[in-house]
Amino acid sequence: MPAKSKAQQKAAGAALAAKRGEMPKKDLKGASREMVDSMTEKELEDFASTKREDLPDKKD
């Protein structure tokens with residue numbers, strides 16, 4: 001499932017980095033903190049790999 005906004009794509013990227021151990025979980029805020037625990041690495045990869053060109057800044 002692709003991300004629906006640039007903010008969601010960015011949060012998924014941060015959560016993915018934390019899940020992989022590339023950054024500490026304690027540095028996460030907001031949606032990314034929830035995503036890291038509730039989503040699989042594959043789901044986070046799908047969200048984070050969404051092209052940002054045509055996405056709105058925030059989901060309405």
Side-chain angles (χ1 to χ4, degrees):
M1 174 192 302
K4 304 234 188 265
S5 69
K6 290 179 185 177
Q8 191 178 49
Q9 188 266 349
K10 187 176 178 180
L16 181 60
K19 190 169 271 286
R20 290 180 173 167
E22 297 169 2
M23 69 181 291
K25 279 174 118 177
K26 67 181 179 81
D27 290 348
L28 297 177
K29 298 176 184 170
S32 57
R33 181 169 278 205
E34 295 174 22
M35 289 174 137
V36 74
D37 292 325
S38 66
M39 297 177 76
T40 66
E41 189 170 336
K42 175 66 175 133
E43 290 172 325
L44 289 171
E45 284 175 358
D46 290 344
F47 271 75
S49 66
T50 304
K51 299 290 183 203
R52 294 177 60 135
E53 294 173 349
D54 298 325
L55 295 176
D57 290 332
K58 291 185 178 179
K59 185 178 169 194
D60 291 332

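Quick note: residue numbers are just sequence positions, from 1.
- The other residues sharing a hydrophobic cluster with Leu28 are Met23, Val36, where clustering joins ILVMFWY side chains under 4.5 Å apart.
- How far CZ of Phe47 is from CE of Met35: 5.5 Å, rounded to the nearest 0.5 Å.
- Pairing each heavy atom of Ser32 with each of Ala14, the nearest pair is CB-CB, 4.2 Å.
- Under a 3.5 Å cut-off, the side chain of Gln9 and the backbone N or O of Ala3 do not form any donor-acceptor pair.
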Walk me through whether Glu43 and Asp46 qualify under side chain to side chain contact (heavy atoms under 4.5 Å, CB included).
CA-CA 5 Å; Glu43 290 172 325; Asp46 290 344; 5.5 Å; no
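- The two residues Leu16 and Ala48 make their nearest non-hydrogen contact at CD2-CB, 4.3 Å.
- Among residues at least two apart or in separate chains, side chain to side chain donor-acceptor pair (under 3.5 Å) pairs with a member in residues 10-31 are Arg20-Glu41, Arg20-Glu45, Lys25-Asp37.
- To the nearest 0.5 Å, atoms CG (Asp57) and NZ (Lys6) are separated by 5.0 Å.
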